[in-house]
Structure formats: structure tokens, C-alpha cells
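All chains are named by letter (A, B, ...) in the order of the sequence lines, taking the proteins before the strands, and each is independently numbered beginning at 1.
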There are 2 protein chains.
Amino acid sequence: MGNSRLTVREIARLAGVSVATVSRVSNGTGQVSEEMRRRVLEAIEKHGYRPDHLGRALAAGRHGALGLVFPGLSGPYFTELIQGFESEAVPSRASVHILCTHLRSDSDQQVLEMGRRVDGVAVIGGTISELALLRLAEMVPVVVVAGTGPGAVPSVRADNAGSMAMLTRHLLVEHELTDLVFVGNPEGSPDVSERWAAFLAAHRSVGVTPPAAPIAVSMQQADGVLAAEQLLRGDPRPAGVVCANDEIALGVLVGALGRGLRVPQDVVITGFDDAPVAALVNPALTTVRQPVRELAAEAARLILTAVSEPERASSGDVVLPTELVLRRSCGCPANLTAGGSGS
Amino acid sequence: MGNSRLTVREIARLAGVSVATVSRVSNGTGQVSEEMRRRVLEAIEKHGYRPDHLGRALAAGRHGALGLVFPGLSGPYFTELIQGFESEAVPSRASVHILCTHLRSDSDQQVLEMGRRVDGVAVIGGTISELALLRLAEMVPVVVVAGTGPGAVPSVRADNAGSMAMLTRHLLVEHELTDLVFVGNPEGSPDVSERWAAFLAAHRSVGVTPPAAPIAVSMQQADGVLAAEQLLRGDPRPAGVVCANDEIALGVLVGALGRGLRVPQDVVITGFDDAPVAALVNPALTTVRQPVRELAAEAARLILTAVSEPERASSGDVVLPTELVLRRSCGCPANLTAGGSGS
DNA sequence: TGGTCGCCTGAAACCGGTTTCCGTTAACCG
DNA sequence: CGGTTAACGGAAACCGGTTTCAGGCGACCA
């Protein structure tokens, strides 16, 4: 119960002042004499009054909330994303609404509904239809994370192509592996799509024929284990397995070690993301570091800016740099960090 | 912009009716003649009017939102939890607010602030102070997930003790391992605390001296790798490593295999949760299956009930059953499922 | 002492919906 | 044909805040 019945009018009555004065005191706006302020604060203190969020939001025409939309939660990537977003939103006194569209047929509708409850939304690339994205952008500021938006919708993403090209060329040239496979589903997300494209382009740039198609699995460790099962059983075993993220790579690694294969001697494995565990496994995983938390934090900042200062709402694309991390799983001798890349 | 300027009064003017009629039509409440309904629907359709959520919420005295509070996101456990919660909230047209308290000093304050923006909150056990929990429960219905609440705060948790006792006895008796260690921090969460207590109790029940203290690490795969480093290097190597969750266990497994140890011949490893990957690694992981998604879904249902029908708000504890899953990592020959327990 | 200015204050309008309450009208019945 | 009733629609109150606007009052100045 507590402060159920307490309204600004009730406090005004108790303090013997007008509601306007109570509002001024509780917000610190306008001029209020010391005597009035004391009386109001006393009444507020005594009865434990806290202004109702809905009333305040209605008057302000602002929800004080930000939305985050993602396809489904799997693995450290999304948890980092959420935490990065949240860490930026909370200090601005904005609460965070989440929406998992995964496996729901009416996600477009759900997202538009969310648009009516928040001041701005970050949408993970590839999550909803472009039409829904545009409609959403008509009602609130929107930022696409890890992908690019249609029209003038701004976006924040990592430089997938640069580092994936470097990684692929590293395997093809330095380690002279000409029989690589790619594990990950390019249809699944813009990120994977870019990585696959860069993987192909790097092959062409050094004159090696790439595989015709990727091993299209989703992004979890279990999928990596299954892919390993399929890949490493076959007789013409690939020399290197380039995975769309670290989770798949760890699954492949576990699968390979479980079959008695040596990494990197028998097969090379690489990941993407540089999750904390990548440096700790044996052999340590060669991968690409991308600033996932920072990606989401930047998205939150863009939205908060667009909300509070609509006149300078950006509509450009932010591309954060990534970094190739060479470790033992690709055949390199020890931990070393190759040059960064990207914007 | 779209429906920016559109209010119920504007639609009423355009349709030539009163605001009450517009409200009745758009909500399907009360009696409205066919002619009026047609005129109103036409105006709504033509201008794309959607009632404002804030105005509606203010009038209804209900936010249409549920809160979920957790310490920090790490691993599949929390992602399952979130998705379970969300899957139950969304069909009830409630949006989900999240709050990571991790590493923030003012979490109690943040949680109380959240309490003013939602209709009910689920709090993961051990996340905030009991005082804050009680104050929160004064303003909105609260359910503790994976833990027990103070006072009359209801809770939903899994039967940790039953299955952990079975697992420990299984290792001590069936496999005759008398030198077990426990990896996980009982201070970290009520779940781990219960599991550690059951681990100790099982030792006593069969007359074996348990280890004096757990290896207190947090719950991520990287922590397991580090724990393995510490445990398996020492000369009096433990015969079995009982981990507080699957992620730690996978880390220990990777660490052990990386050091050239054989599992289960050289060391036995067990987990908790039965994450998807547990069945796929080699050797497959002996663990305890707990219904994480269902845990969160049940919490969401309890809250939704308490919100819509306060008179029959529960204040009891729900304990969901868990199930011992014996696989190869404990030395058992093949996949087999031992009897369930709990509830 | 009269006028002006600036600081405080409160009444009322406003944000965008829902709901109560009452008057009108048509239908139905005796 | 008069009377009762049910169906319908609109004016206004309400949800709980913020903000505008006008007026009161004391201080300062001439």
C-alpha cells in the first residue's frame, strides 16, 4: 500500500500549499521561498510521497524508456549487447524494454506496439521486416545495431569485412591452407552475411577457389558440435574451419578434440567475437575481437541524443573497428595481436 | 510523425461524435450503434489513429509492464530465464523491463524506481537487499526466482537439494569416489548455496568427509577453465569435480582435456542445468536438469495473476522438480536418466 | 507617498485517454 | 394512445502529474 493514495493534490492539501508549488519543489524548478520549500519537503518526507511515473510521463510527453529488440538470446554476444545498452540507458534514468521476436509470427506487430511505449528503439539487424522498421522510425528514433537500416535509419555495426578478410588471407597465405570451410548461416544475420562475403572475397583476392557454400548452422555451441560431427568425419577433411562466431568455434573445437584430432596440427579452427573463454581454451582460439558492449552503448547514446535533441539526430552509419587476434588454434606460435582495421 | 497530433478528441471531432463514443468503439466496451461505429472506425482507419499508451495506462492505473531484475547476464541460464519470462508476458500484452544490478552500488534504489514503472517484478534470488525487496513488495506484487523471499514474498525455485544429494551420493557410492571438490561460490546465489549444502549433507549421510571449502569462482566457462588450471595441476588431484553449473563444468572439461587428462578415467566432472551443449560434448556431461524457462514462466504467471486478481495473490513457494542426468563424464557407461525428485 | 519592478504563489489549463452519469429517443406493451 | 423501459450518446469528471498565466506583495526608487 504505502504511498498508494498519495497524489500531488493530497500533499498540497497537507502542506497547505498549491499543487503547483509541490511540483516545483519536487522537481527543483521555478522559484520557491525557503518557508514553502520546508513545508512541502516536510509533508513529502513524512508521508513518503513519490510522484507517479505515469502522470509525470504523460505530462512530459516522454516515456523515460528505451526499447531493445533482438531475434532471440543465444550466447555471450547478446548478453554483452544487453548489458552495454543497459549500462548507458540507466544513468540517463531510462528503463529498458526488451522484446525477443524469435519464433513469433507477429513480431512486426509487437515491435510497433513497443514503439508506442518507449522514446526510442534499438533493433538488431535482420530481426524485423524493413517495412516495420520504417514504420517504427516514423514514430520514434530508431537505430539498427549490427546491420544497416533502410532509408535514413542510422546504424551502428562492427567492421566485419576488414578483419574477416585479414583472417582469411592469413590462413590462406601465412599458413598455406587452401581448403577452408565456413560455418555459419549468412541468411541468419547481416553480420554473418558480411563475414561470409569477406571470406569469399579474400579467397578471390589471392586466387584460391572458395567453397561453394557455407555450412549453414545457427550460432550456438551445440550447433558447432554438430557441425564438427559432420565436417570431421568425412574423409577429405577440411584443413581449416572458419566459424561465424566463437561459440560455434568452441563447439567445433570440443567436437574435434573429442574425436581425437589435434588442433591446429590436424585441423585449424577460428572464431569471431573474442569471447572471454576464447583466450583460455587449449589451444587458445584465433578470432576477431569486436566491441560488442560498445556497439550497444553507442546505439543507446545515439537514441538518447535523438530523443533529447531531435534537431541533431544523426542518420549516418557508425562502424566500430575490430581487431584480428592470432592465437594457437590457427597454427600461430603464441598469442599475438595483428593490426586493427576499420573506421 | 504519422499519428503525432491524433488524439481521441481529434478523432471525435472528425467523426462528428463524442470522445466517449470513440473510446467505446476503440475498446469494444459499452453499446454503440452500427452507424456510429462505422463512422468512428472510418475516421480511425483513415487517419491511422492508435490510442496513446500513456493516457490509457494513466486512466487504467496500470502500466501494462512487468519487471525482471537480475544480477548480471552470464551464460545460457539467464538467457533462458529471460526468454521464459518474456514468452509468458508478451501474450498478456505486458512489456518486459529489465534491470541488471551487476556492479552498481545503487541497485536497491534502481529497483525501487523500477517498482514505480511496472505492475509487478520478478527478482532473481540474491540480487538485492531484503529490505529493498520488502519495500518493493509494498508497492507491487513481487516474486523471487531461484531463491526464497523474506516475509510473505512468494518464490519460485528448482529443487536443488534433492538432485544434488542424489548426484553426490551417486559419485560417492556407485563410483566409489571419496575425493570430490565443489566448484562454485555459495555466497554468490541461493541456488549455489543450496547445492553446496546438499553436497555436504550427502557426504555426511554416507560417512565420507567432505572438503572443507568450495572452490569459490563465479559461474562462467572462463572461471571453470581457471579452476581446472588450479585443481588439476596439483599433485593430489581430486577424483571428481562437482560444478555449480554446466558452464563451469564445460570450462573444467576443456581445461582437463587440454592438459591431456582423460575424462572420466583420470577425473570425473559433473555440472548442473543440463544446457543443450552438455549432451553433445565428448564425454557427454553428467548433470542435473532444471526447468529454467518454466521457472521464469511460472514467476510471470504468478505476477500476472496477482496483478489482475489481487484477492488471490499467492504467498507460497513453488518448487519445480529437477532430474539427475547420468552421462559419461561421471563414469557411467551410456546416457541414462535416473529418477526425478522434488516438488 | 506613489509607481515600478521582481519574486512568489495559486487557480486553471493541459497531457490523452476512460468512465460515470444523465438526458434523449425509440421500441414495446397494455 | 399514454407509459415504462432499454438502448444509446454526450458532457463532464477523473487518472496524477506539469506548466502557463495572472495577481499579490514587498522592496526599491523618485
Whole angstrom is fine here: how far is it from [atom1] in [X] over to [atom2] in [N]?
X     : N      : atom1 : atom2 : answer
A/Q31 : D/dG26 : CD    : C1'   : 15 Å
A/R37 : C/dC7  : CZ    : C1'   : 13 Å
A/E34 : C/dC7  : CD    : C1'   : 14 Å
A/R39 : C/dT9  : CZ    : C1'   : 11 Å

Check your understanding: For C/dC7, does either OP1 or OP2 sit under 4.0 Å from a side-chain N or O belonging to A/S33?
Key ->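 For A/S33, the contact criterion (side-chain N or O under 4.0 Å from OP1 or OP2 of C/dC7) is not met.
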Point to revise | Min side-chain heavy-atom separation A/F70-A/I82 under 4.5 Å | key: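 Heavy-atom side-chain distance check passes, below 4.5 Å.
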**Study point:** Any A/L81 side-chain heavy atom under 4.5 Å of A/I124 side chain
**Key:**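 A side-chain contact under 4.5 Å exists here.
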Exercise for review: May I ask you to say what A/L58 touches in the nucleic acid, namely base, sugar-phosphate or nothing, with a heavy-atom cut-off under 4.0 Å?
Suggested key: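 Answer is base: heavy atoms of A/L58 come under 4.0 Å of a base.
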Exercise for review: Output every pair passing side-chain hydrogen bond (donor to acceptor under 3.5 Å, both in side chains) with a member in residues 54-74 of chain A, not counting sequence neighbours, ordered by first then second residue.
Suggested key: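 Sorted pair list: A/N27-A/R56, A/H63-A/D119.
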Check nucleotides 17-20 of chain D for protein N or O atoms closer than 3.5 Å to its own N or O atoms and list the pairs.
residue: D/dG17; atom: OP1; partner: A/D52; partner atom: N; Å: 2.9
residue: D/dG17; atom: OP2; partner: A/V8; partner atom: N; Å: 2.7
residue: D/dG17; atom: OP2; partner: A/Y49; partner atom: OH; Å: 3.4
residue: D/dG17; atom: O5'; partner: A/Y49; partner atom: OH; Å: 3.1
residue: D/dG17; atom: O5'; partner: A/D52; partner atom: N; Å: 3.1
residue: D/dG17; atom: N7; partner: A/R9; partner atom: NH2; Å: 2.8
residue: D/dG17; atom: O6; partner: A/R9; partner atom: NH2; Å: 2.8
residue: D/dT18; atom: OP1; partner: A/N27; partner atom: OD1; Å: 3.2
residue: D/dT18; atom: OP1; partner: A/N27; partner atom: ND2; Å: 2.7
residue: D/dT18; atom: OP1; partner: A/R56; partner atom: NE; Å: 3.1
residue: D/dT18; atom: OP1; partner: A/R56; partner atom: NH2; Å: 3.3
residue: D/dT18; atom: OP2; partner: A/S23; partner atom: OG; Å: 2.6
residue: D/dT18; atom: O5'; partner: A/S23; partner atom: OG; Å: 3.4

**Study point:** Those residues that, when tested against A/R39, pass salt bridge (Lys or Arg N to Asp or Glu O under 4.0 Å) (two or more places apart)
**Key:**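 With neighbours one apart ignored, the set is A/E35.
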Point to revise | Heavy-atom donor-acceptor pair, A/T21 side chain to A/V17 backbone, under 3.5 Å | key: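 No: the side chain of A/T21 does not pair with the backbone of A/V17.
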Check your understanding: Does atom CZ of A/R135 have more than 12 heavy-atom neighbours from other groups under 6.0 Å away?
Key ->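 12 or below, so no.
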